[in-house]
Amino acid sequence: MRSLMFVKPGELRFDEVDEPVLVDPTDALVRPIASTTCDLDHHVIADKTPFSPFGPFPLGHECVGTVVAVGDECTAVSVGDKVGVAWHIACGTCAQCSIGHPARCLVHGDAQYGLPVNGQWGGTFDELIRVPFADYNLARLPNGVDPIHLASIGDNFALGWETVMPAIEGIDAPKVGVFGGTGSIGLYTVDVAVHCAKAHTVYYDDDPVRMAVAEKLGAEVHDINGKRDKDFHVAVDASCDPDTLRKALLSVVPEGTVNSVGIYFADVTLPLLSLYQRGVNFHNGKGMARPNMTPTLQAVADGTLHPELVTSGIYPWEQIPDVLTGPNPGHKPIFILDPA
Ligand SMILES: [Zn+2]
Ligand SMILES: [Zn+2]
């Protein structure tokens, strides 16, 4: 089969590799229907991460697909099921997984698809994917939904739910500020904040394309360099920019919540005295996709969420290397392997 490899910054290619096989009775094999980039992948390709020297390695950790084989001990998924694949590889039952922290799985650690971090699990731009603990790591898609626009359900899309919904619980008339910049995560967050949290949602960015999407999703949209509100119950930093992170941190009500989903590969100076005086609950860490995939999928099935508005383009599989290394990959390009 073919596997999309990150070779070096700006260079991707398809390599012929052996197909994965079922190893454990809890494994499944999934063939992608559609795969997409995590916002992080664009930074990997652009040489903005420490992964550059580790190529070639399989890239990609977001897809929806069809189950084509299951081990004897799989009971929740069957051959033919359409599923979302969690980006992380987690056991589902250890002390961390069982409290909703699969990205901190005690069995598989940092293991994931599409980055050279812990083991060889391939990427979601492979034509076949081995999924350990498939009953846990796969989420069946609801009937009647178009799988294409759910390609991000196993990471960035579910992160939209995770960054907003638990933090607004119990707040009347919530107000959410989303500080965009990385690509899709801020936009999925807007979708959840507007339509699921019913929050007054303000989106800040300097990119006219993303700003137009956020407006279509129902946010009030402002240039990041203009005047900003400072009364958000929840602010989400989806920027990877230290100045924007600072703005997000100083934008919440006393004892408000700031979730940073951008990744900072270098130390950042923080206004700690201001944060102390304001009282800020700051979370920075990997997304815990799997428990957040289920409510996100349900909201899509209900017609509440609109991930199709976040999709920036739909392309044939063959074009993955050219689109992703080209001048305008878009904030959420989706690539089709098998028509649904
Ligand atoms: Zn990711
Ligand atoms: Zn675990």
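Small disclaimer: the values here were computed from a predicted structure and weren't measured. Atoms within each ligand, like the ligands themselves, are counted from 1 in listed order. The basis for the numbers below is simple: all heavy atoms, side chains too, and nothing from hydrogens, waters or symmetry mates.
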- Task: Taking the Zn ion (ligand 1) as the vertex, measure the angle between atom SG in Cys38 and atom NE2 in His61; round to 10°.
- Result: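 The two atoms subtend 100° at the Zn ion (ligand 1).
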- Message: Please confirm whether the ring centroid of His88 lies under 6.0 Å from the ring centroid of Trp121.
- Response: no
- Item | Nearest to the Zn ion (ligand 1) - the N/O/S atom of Asp155, by atom name |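 The Zn ion (ligand 1) is closest to the Asp155 atom OD2, counting only N, O or S.
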- Message: Looking at Lys175 and Glu220, is there a salt bridge between them, counting it only when a charged N and a carboxylate O are closer than 4.0 Å?
- Response: no
- Query: Strictly under 2.8 Å, is any N, O or S atom of His108 next to the Zn ion (ligand 2)?
  - Reply: no
- Query: Can you check salt bridge (charged side-chain N to carboxylate O under 4.0 Å, His left out) on Asp110 and Lys286, steps first, answer last?
  - Reply: CA-CA 10 Å; Asp110 287 333; Lys286 300 179 182 190; 3.1 Å; yes
- Message: What do you get for the angle at the Zn ion (ligand 2) between SG on Cys91 and SG on Cys97, to the nearest 10 degrees?
- Response: 120°
- Could you check if a side-chain atom of Val68 sits within less than 4.5 angstrom of a side-chain atom of Val79, using non-hydrogen atoms only? no
